[in-house]
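Just so you know, these numbers use all the heavy atoms, side chains as well, and skip hydrogens, waters and symmetry mates. Proteins come first, then strands; the chains are lettered A, B, ... in the order of their sequence lines, and each starts at number 1. If you're wondering where the values come from, they're calculated on a predicted model, not measured in any experiment.
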There are 2 protein chains.
Amino acid sequence: MSGGIAPVGVSLKAIAHRAGVSLATVSNVINGYRPVGEATRQRVQQAIDELGYTPNLSARHLRRGRTGIIALAIPELNNPYFAELAGAAIREATRHGYTLLLDYTDGDRNKELLVSDGFRDQIIDGLILSPVQLDRQAVLNRTSSTPLVLVGESVYGVPYDHIAIDNLAASHMAVQHLVALGRTRIAFVGAHPDANREPAHLRLRGYREALAAAGLAFDESLVATTPHFGRGDGADGMERLLALPQPPDAIFAYNDLIAFGAMRTLSVRGLRVPEDVAVVGFDDVEEGRFSNPTLTTISPDKETIGRLAVDSLIARVEGRLTDPPREVQPPFVLVPRESTLGR
Amino acid sequence: MSGGIAPVGVSLKAIAHRAGVSLATVSNVINGYRPVGEATRQRVQQAIDELGYTPNLSARHLRRGRTGIIALAIPELNNPYFAELAGAAIREATRHGYTLLLDYTDGDRNKELLVSDGFRDQIIDGLILSPVQLDRQAVLNRTSSTPLVLVGESVYGVPYDHIAIDNLAASHMAVQHLVALGRTRIAFVGAHPDANREPAHLRLRGYREALAAAGLAFDESLVATTPHFGRGDGADGMERLLALPQPPDAIFAYNDLIAFGAMRTLSVRGLRVPEDVAVVGFDDVEEGRFSNPTLTTISPDKETIGRLAVDSLIARVEGRLTDPPREVQPPFVLVPRESTLGR
DNA sequence: TTGAAAGCGCTAACAG
DNA sequence: CTGTTAGCGCTTTCAA
């Protein structure tokens, strides 16, 4: 944030009048569109300071055809992963002089479509979208020409910049961690009911591949689907797994919230984490550093994801970037904590 | 969200031309500023539909002097309380056809001042502020004339609408709950170091009054101040309380995050919740329904707070509300869970 | 290096 | 009930 009070009514004209120059000159002092003589510049600057002038953004936007606003559309704010991502994006946007507007899709396909197809076009210069339900085809068919950057593991193979960690490798690492601890009945919680959707797919695929690599058989009954991706879903999924004839001895959760829900259920059922069941999450939200037990998890570099997404988008908006769309994979690490290592 | 694609370049003029009417008539069909004949209306509407027209907001805003955007400035998104509040506010703003912009102050006094003094004035019609550090005087001296609505327990006695639950009564209820369970050494975690600030003040005051009402002595060493209001602060505060010669047997936390931090410390130190130490939080964030143990807490009606704040603000913005500022106290309840009742 | 002026798209006052 | 038009504040082209 950088300040400056704007008494209503102080316009370019007022400054021009006060400084005894034309509108164009004042505009040039402000925007540097063409050079201005040093003496003139000083006089104009003084008038600006004295009157406390701030450009009227609506007018500027009308004229320029751009608004200085970009949107970040995420499924929900209640998932702290997105809250943290949004924080990073907002900081970066602000740094570039842009305002970032948050939109929620509730992970609802129709809302994702609406956003992608230009719901906010009148107000935004560009869009960062973290889709949940949107498929490749829908993105390809999108009807808006507003620059778009995708984040998250949902959609691949579309002509837009895409920022997401290597979900396959990350899932591998998570499962491998459990395998290394000697676990053999490793369950996956948080597969999407509609199994051929991409996002769960990648993490699920990583899970399967890692099992195979470890010589463990894939057991479909150990994959708990959930309608959403919150704590309640994790709790329910865990209940179902515990009802199995042979319950799991480890859980790889689609995300941290699901892991927290699962751990809650385990606690209620009198099972110890990690002694009876080890748990690994995905996202590394702050909660996992204070939960009982603390949560082992995949930690994507959220700061970098947010920053890169905003940078790419703004570069496209301003026409500075015209390369073909790029696929960027920010770093991630596995953070081992009590839910697998014990205390 | 309600949609409509806006191919760039479809203007009022285009519609007017297509429908064979004047600009004004099209505008009237859209805005209902004055009546339009039914036949004409139909023709215009058809042109609008066919061309997929959406008004250019920048132009409208320039003309109207309003932007249709309101801001909600909160300390941080990482506290799920604010995330939930923001969700409610966004829904309500959308319902009124407004866009809600989120701003973060980091609980930093300067940023709160900046926001309050009109940092976003060029872009917003009104502001909802949840101050942490801002004092009465700063609000009274504010230099912006943008309509303002305050939420939260921070500032009283200023000429703006204020939406906040009765913090005094809520704190009373929380402490009374602990007293009723037979606890006698009840600590308060999350007092602000600068003790004469209002927000912690009310909850702290409620705490003291409830102790007095219960015939319990106030022990200053049982008040743990914290620099911020996050999990880490709660964990640190708890450490300090446990180092006392006579540690507490109950905790009333300024908010849920602090309570989670405190419970984490208790767990690490091998103390049982609630057997050894009972814990009550404040905010009722979802996390507390899945934590181990689940958290007893004060549950403010966040939906109502968000809704009322937005409604009041928009009414002021649109000049529909010119009454003197009002103080509104939405309902709250105490939700007893395992952290005081046990399992 | 500077000025004059057109015009972005819209709303609302004025005129019929 | 409908049309004409001024002008919101700014950027940028054309002219000097």
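Annotation: of the two residues near DNA chain C, Thr40(A) and Arg60(B), the 5′-most nearest-nucleotide partner is Thr40(A). DNA chain D is contacted by both Glu38(B) and Arg63(B); Glu38(B) maps to the nucleotide lying nearer its 5′ end (nearest heavy atom per residue). Two residues, Gly37(B) and Pro55(A), neighbour DNA chain D, and the one matched to the more 5' nucleotide by heavy-atom proximity is Gly37(B).
In this model, the phosphate group of dG9(C) is not approached by any side-chain N or O of Ser11(B) to a distance below 4.0 Å at OP1 or OP2. Residue Tyr53(B) places at least one side-chain N or O closer than 4.0 Å to OP1 or OP2 of dC10(C).
In this structure, Leu12(B) places its CG atom 13 Å from P of dC8(C), rounding to the nearest Å. Atom CZ in Arg64(B) sits roughly 11 Å away from atom C1' in dA12(C) (whole-Å rounding). Atom CG in Asn28(A) sits about 11 Å away from atom P in dT1(C), given to the nearest Å. Summarising the geometry, the separation between CG on Leu62(B) and P on dA12(C) is reported as 12 Å, rounded to the nearest angstrom. Atom OH of Tyr33(A) and atom P of dT2(C) are 16 Å apart (whole Å).
As judged by a 4.0 angstrom heavy-atom cut-off over every strand, Ser27(A) is placed among the base-contacting residues. Across all strands, Asn31(B) comes closer than 4.0 Å only to sugar-phosphate atoms, never to a base (heavy-atom distances).
Salt bridge present: Lys302(A) and Glu84(A) bring a charged side-chain N and a carboxylate O closer than 4.0 Å. No salt bridge links Asp103(A) with Lys111(A); every basic N to acidic carboxylate O contact stays at or beyond 4.0 Å.
His96(B) has its side chain within reach of Asp311(B): a pair of non-hydrogen atoms, C-beta onward, lies under 4.5 Å apart.
Between the side chain of Glu112(A) and the backbone N or O of Gln133(A) there is at least one donor-acceptor pair closer than 3.5 Å.
No hydrogens or angles considered: nothing links the side chains of Ser144(B) and Asp117(B) as a donor-acceptor pair under 3.5 Å.
Residue Leu321(A) comes nearest to Arg316(A) through the heavy atom pair O-NH1, 3.4 Å, listed as atom of the first residue, atom of the second, then distance.
When the nucleotides dT11(C), dA12(C), dG3(C) are ranked by their closest atom to the side chain of Val21(A), dG3(C) comes out on top.
The nucleotide range of DNA chain D contacted by chain A, defined by atoms under 4.0 angstrom from heavy atoms of the protein and reported 5' to 3', is dG9(D) to dC14(D).
Going from atom CG of Asp106(A) over to atom CG of Leu77(A) covers 11.0 Å, rounded to the nearest 0.5 Å.
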